[in-house]
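Take a look at the structure below.
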Amino acid sequence: MDLGIVDDELATCVACGLCLPHCPTYRVTGEEALSPRGRVAAMRQVQWDGAEPDASFLHSLETCVQCLGCETACPSGVPYRRLIEPARETLVDGSLSRPPRSFRLALRALRWHRLVLAGSSLLGVAQRLRLVPGGLARRLGLPARIPVRQARLRPSGTDVWLFTGCVMDAWMRGVHADVQRVVEAAGAGVALPGGGAACCGALALHAGLGGEARAAARRTLAALPGDAPILVDAAGCGAMLKDYGHLLGTPEAEAFGARVRDVHEWLADQDVEIARTASERPTVAIQDPCHLRHAQRNHAAVRTVLAPVADLVELDDEGLCCGAGGAYAAVQPELALSIRERKLAAIARAGSPVVASANPGCALHLAAAGVEVRHPCQILAAAMAAQGPSGPLQSSKSGKHRPRWPG
Ligand code: SF4
Ligand code: SF4
């Protein structure tokens, strides 16, 4: 069976096993079939040797978090993302593997942002009336208090776009507001997309729904015209938007992807710094979202922008996935919880009461276990607020990026 994988890419694995310690599903199960090497071998058997895609094969691929920890660890340069994504899509298209119907309907609804916001508000009301069972809320990774009403974000210029997305805008718009304050303080006016850029499509692609993901990508591409940088404050969305060139295969999509920057990556390049305020520096443990560390490979920027305002503590697990993985925690809850236990242990060893995470999925997954999680830009915005309107935010940029304090 052709899984849609390029043969040369499938051939790159030399079965050395060096990726195994970096694979969360292998770490919690010890099963070769749930390791990157095992999954690559299984894909070869199906695509090259005519093996039937049986239940164990489907289980092997469906349990992959798609964290890409194996891709970073692999010395042979196996492009694991280019293997798992077409394989999952082929299996879903062939009805051999289907995400639950309710999940597919929820993904489809993400294209209508007003519907998402209205549904989210209703859920928030139901939550306050104690109509949402605790078990369901934990399984879906719902926030402890879903917003019912949120202040609107207002554009302040055209220097950069801020991608606001779907669920994050419904549940965490306050993070977008803090990101906007920080970006404006760096001297850039912020443009906001309309409802057309409601969803990047990452959740759909992760679930093997490639057609849905490409439709979302086309809408997003059309909603963010021009050549201004597109800043993203959710690592999973940023990784997705950067990969639109590959996803859509057009020069226009390639150019779009080149404009996308994780907001920390962009801030680090602006030469912006907030002077140290020793008496008020919080201690913060850094959790690297996989899509920042392994997919975008620019997790260092979070440290660069936070270091002036916080004492940073590293986790000792070499960036092992937390188990959130898009909707992974909802569709593979047992494995997701087992994987999270390892992350919680690493956080406990770090001994910091606050964890910084640049991805909403990771933040929700960890917060559901009682961890106090902040977006890095929330920490930056709090430091700016503590320093007051004459605070020492600085930028060496001249010209149109003039340093100024946000209103
Ligand atoms: S994916 Fe890379 S690290 Fe893992 S077994 Fe294959 S060659 Fe080795
Ligand atoms: S993407 Fe993550 S879960 Fe999947 S095989 Fe690679 S390391 Fe394991």
Side-chain angles (χ1 to χ4, degrees), residues 3 5-48 56-92 97 202-203 205-208 235-236 239-240 243 246 287-297 299 315 317-343 346 359 361-362 365:
L3 290 169
I5 305 171
V6 174
D7 282 333
D8 283 351
E9 294 181 338
L10 190 54
T12 45
C13 175
V14 297
C16 65
L18 291 174
C19 54
L20 268 57
H22 303 273
C23 174
T25 54
Y26 180 77
R27 289 290 287 271
V28 299
T29 66
E31 292 181 33
E32 175 72 13
L34 302 197
S35 76
R37 182 175 62 188
R39 291 179 172 117
V40 172
M43 287 186 250
R44 286 176 172 178
Q45 284 168 5
V46 169
Q47 178 152 316
W48 289 353
S56 65
F57 174 71
L58 297 177
H59 181 67
S60 170
L61 266 55
E62 288 170 356
T63 52
C64 172
V65 197
Q66 300 182 46
C67 66
L68 307 183
C70 51
E71 212 176 270
T72 307
C74 177
S76 300
V78 172
Y80 186 80
R81 181 178 188 176
R82 303 296 182 225
L83 313 186
I84 189 72
E85 286 179 354
R88 292 276 288 131
E89 184 175 348
T90 300
L91 295 171
V92 169
S97 171
L203 289 175
L205 191 66
H206 202 267
M240 181 71 180
D243 206 37
H246 178 82
Q287 181 261 343
D288 287 326
C290 294
H291 284 87
L292 199 57
R293 181 166 178 139
H294 304 306
Q296 299 190 52
R297 303 195 185 185
H299 53 296
L315 303 186
D317 63 355
E318 296 184 78
L320 197 68
C321 176
C322 71
Y328 188 83
V331 296
Q332 299 286 345
E334 289 174 14
L335 273 172
L337 292 181
S338 300
I339 294 168
R340 185 174 68 184
E341 283 305 314
R342 300 186 77 93
K343 183 62 73 179
N359 192 53
C362 309
H365 192 49

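This is a predicted model, so every value here is computed, not measured. As the structure lists them, so they are numbered: ligands from 1, and atoms in each ligand from 1.
When atom types are taken as modelled, the side chain of Ser60 and the backbone of Ala33 share a donor-acceptor pair closer than 3.5 angstrom. A distance-only check finds a donor-acceptor pair linking the side chain of Tyr328 to the backbone of Thr63 [under 3.5 Å]. Listed for the Arg340 side chain is no donor-acceptor partner under 3.5 Å among the backbone atoms of Ala324.
Between Thr72 and His22, the closest side-chain pair of non-hydrogen atoms is not below 4.5 Å.
Ligand 1 is surrounded by Cys13, Val14, Ala15, Cys16, Gly17, Leu18, Cys19, Arg37, Cys74, Pro75, Ser76, Val78, each with at least one heavy atom closer than 4.0 Å.
Counted by atom type alone, Thr25 and Arg39 present one or more donor-acceptor pairs between their side chains at under 3.5 Å.
Applying the salt bridge (charged side-chain N to carboxylate O under 4.0 Å, His left out) test to pairs two or more places apart or on separate chains, those with a residue in residues 17-32 are Glu32-Arg37.
Atoms of ligand 2 lying under 4.0 Å from any heavy atom of Gln66, numbered from 1 in the order shown and given with element: 1 (S), 4 (Fe). Those atoms of ligand 2 with a heavy atom of Leu68 less than 4.0 angstrom away are 1 (S), 2 (Fe).
Looking at Asp243 and Arg82, a side-chain N of the basic residue comes within less than 4.0 Å of a carboxylate O on the acidic one, giving a salt bridge.
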